[in-house]
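When a residue number appears, it is its place in the shown sequence, counting from 1. In this text the structure is predicted, and so the values were computed from the model without any measurement.
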Amino acid sequence: MAATPQIRFSAADRREQILDVATSLFARQGFQGTTTRQISERAGVNEALIFRHFPSKDELYWAVIARKITSAAPRERLRQNLEVAGDDLAVFSRLASEILERRAKDQTLSRLLLFSALENHRLSHRFFSTYVAEYYGLMADFVRKRIAEKRFRDIDPVLAARGFLGMVIYHSWIQDLFGGKRFQKFHVQEVSETLARIWLQGMLAGSKVAPAQSLPKSKNGIGSRRPQAQERGVQIDGK
């Protein structure tokens with residue numbers, strides 16, 4: 001009986017194979033709970049080969065995160081969503097919908113980032129400075145433009161961006177990571193439009209809120225403001 005020929009991988013293919021295995025294990029077991037020996041055994045390679053491609057376990061984990069980010073292209077998607085014509089309700093509903101649909105299909109990146117935040121702060125900080133800061137910056141620029149046009153209230157654009165994205169991402173975590181969808185299911189379009197309306201009620205220049213109280217400058221040099229009264233009902237786009 002002829003021997004089964006061994007599959008020969010190129011260096012690039014072997015690297016991708018290692019990343020595939022590492023992604024699965026890291027997302028399920030976390031950074032601390034996964035060893036390079038486990039990865040090598042699952043990938044069917046010598047552990048030394050892993051370190052030939054990745055100098056350290058930290059760099060392997062970072063390569064896993066970077067590959068997931070690159071394939072998802074979140075900044076490019078955000079830029080495209082903000083540039084498509086439409087009123088503000090349509091823009092932010094579309095943005096929320098795209099985020100929720102993408103995360104519902106694959107929560108791997110969310111799991112990787114949560115593990116890194118809890119177990120490896122260096123990687124978490126690196127992720128924020130490399131990817132998240134610019135992502136928030138794109139949306140903050142859009143908010144800043146709306147403020148200049150007198151369409152949005154004069155508030156910190158970065159905090160406004162964090163507020164909107166925080167609502168959307170937290171809903172995704174509740175439903176898909178914490179099991180919320182087992183008890184209560186929501187249609188993505190309903191959630192997207194509802195969250196966009198809630199956020200816009202606090203952002204539109206016509207919102208009936210009391211004048212904001214001036215606060216000390218935040219570290220980024222932008223004045224922070226805090227509303228002194230509860231918001232009253234606001235119409236959005238005539239609805």
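In terms of hydrophobic clustering, with Ile, Leu, Val, Met, Phe, Trp and Tyr side chains grouped at heavy-atom distances under 4.5 Å, Val188 and Phe164 are assigned to a common cluster. In this structure, Trp173 is not a member of the same hydrophobic cluster as Phe183, with clusters built from ILVMFWY side-chain heavy atoms closer than 4.5 Å.
Below 30°, between 30° and 60°, or above 60°: for Phe152 and Trp199 the angle between ring planes is above 60°, a perpendicular geometry. Taking the six-membered ring where tryptophan is involved, the planes of Phe127 and Tyr131 are tilted, since the angle between them lies from 30° to 60°.
Distance check, rounded to the nearest 0.5 Å: CD of Gln80 to CG of Leu95 gives 12.0 Å. A distance of 12.0 Å separates CD1 of Ile99 from CZ of Arg94, quoted to the nearest 0.5 Å. Atom OG1 of Thr194 sits about 12.0 Å away from atom NE2 of His187, to the nearest 0.5 Å. For the atom pair CD (Gln189) and CG (Leu100), the distance works out to 9.5 Å, reported to the nearest 0.5 Å. Interatomic distance, Leu19 CG to Arg67 CZ, rounded to the nearest 0.5 Å: 4.5 Å. Rounded to the nearest 0.5 angstrom, Phe31 CZ and Phe115 CZ are separated by 12.5 Å.
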CA sep, side-chain torsions, deciding dist, call: Ser10, Asp13, side-chain hydrogen bond (donor to acceptor under 3.5 Å, both in side chains):
CA-CA 5 Å; Ser10 67; Asp13 289 339; 3.2 Å; yes
Decide side chain to side chain contact (heavy atoms under 4.5 Å, CB included) for Leu165 and Tyr170; before the verdict, give the C-alpha distance in whole Å, the side-chain angles of both, and the deciding distance to 0.1 Å.
CA-CA 8 Å; Leu165 294 170; Tyr170 185 66; over 6 Å; no
Chi angles and distances behind the side-chain hydrogen bond (donor to acceptor under 3.5 Å, both in side chains) call for Asp58, Ser56:
CA-CA 5 Å; Asp58 276 20; Ser56 66; 5.4 Å; no
Ile65 and Phe26: CA distance, side-chain angles, deciding distance, side chain to side chain contact (heavy atoms under 4.5 Å, CB included) verdict:
CA-CA 10 Å; Ile65 292 177; Phe26 280 139; over 6 Å; no
As a quick check of understanding, evaluate side chain to side chain contact (heavy atoms under 4.5 Å, CB included) for Leu112 and Tyr61, giving each step before the final call.
CA-CA 9 Å; Leu112 290 168; Tyr61 200 92; 3.8 Å; yes
Dump the intermediate steps for side-chain hydrogen bond (donor to acceptor under 3.5 Å, both in side chains) on Gln184 and Gln175, then the final yes or no.
CA-CA 8 Å; Gln184 192 170 16; Gln175 291 298 99; over 6 Å; no
Side chain to side chain contact (heavy atoms under 4.5 Å, CB included) evaluation trace for Tyr135 with Phe128
CA-CA 9 Å; Tyr135 188 86; Phe128 186 91; over 6 Å; no
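Remark: side-chain polar atoms of Ser93 are not paired, donor with acceptor, to backbone N or O of Ala90 under 3.5 angstrom. Looking at Lys185, its side chain never comes within 3.5 Å of a backbone N or O of Gly180 through a donor-acceptor pair. Judged by distance alone, the side chain of Gln38 and the main-chain N or O of Leu25 form no donor-acceptor pair under 3.5 Å. Remark: the backbone N or O of Glu47 is not paired with any side-chain donor or acceptor of Arg37 at under 3.5 angstrom.
Cation-pi geometry between Lys181 and Phe186 is not met at under 6.0 angstrom from the ring centre and within 45 degrees of the axis. For Arg162 and Tyr136, the positive end sits near the middle of the six-membered ring, less than 6.0 Å away and at most 45° from its axis.
Between Glu119 and Ser124, the side chains place no donor N or O within less than 3.5 Å of an acceptor N or O (distance only, hydrogens not considered).
The environment of CZ in Arg42 is sparse: at most 12 heavy-atom neighbours from other residues, nucleotides or ligands sit within 6.0 Å.
Listed here is the closest heavy atom pair of Ser192 and Ala96: OG-C, 3.6 Å.
Ion pairing of Arg197 with Glu193 is present here, as a side-chain N (NZ or NE/NH1/NH2) and a carboxylate O approach within less than 4.0 Å. Ionic pairing of Glu59 and Arg126 is present here: one or more N-O contacts between side-chain nitrogen and carboxylate oxygen are shorter than 4.0 angstrom. Between Asp176 and Arg103 no salt bridge is recorded (no basic side-chain N to carboxylate O distance below 4.0 Å). Salt-bridge annotation for Glu101 and Lys105: absent, with no side-chain N of the basic residue lying under 4.0 Å from a carboxylate O of the acidic one.
Considering only heavy atoms from C-beta on, Val143 comes within 4.5 Å of Met203 through its side chain.
The only option from Thr23, Val45, Ile50 that meets the side chain to side chain contact (heavy atoms under 4.5 Å, CB included) definition with Ile39 turns out to be Ile50.
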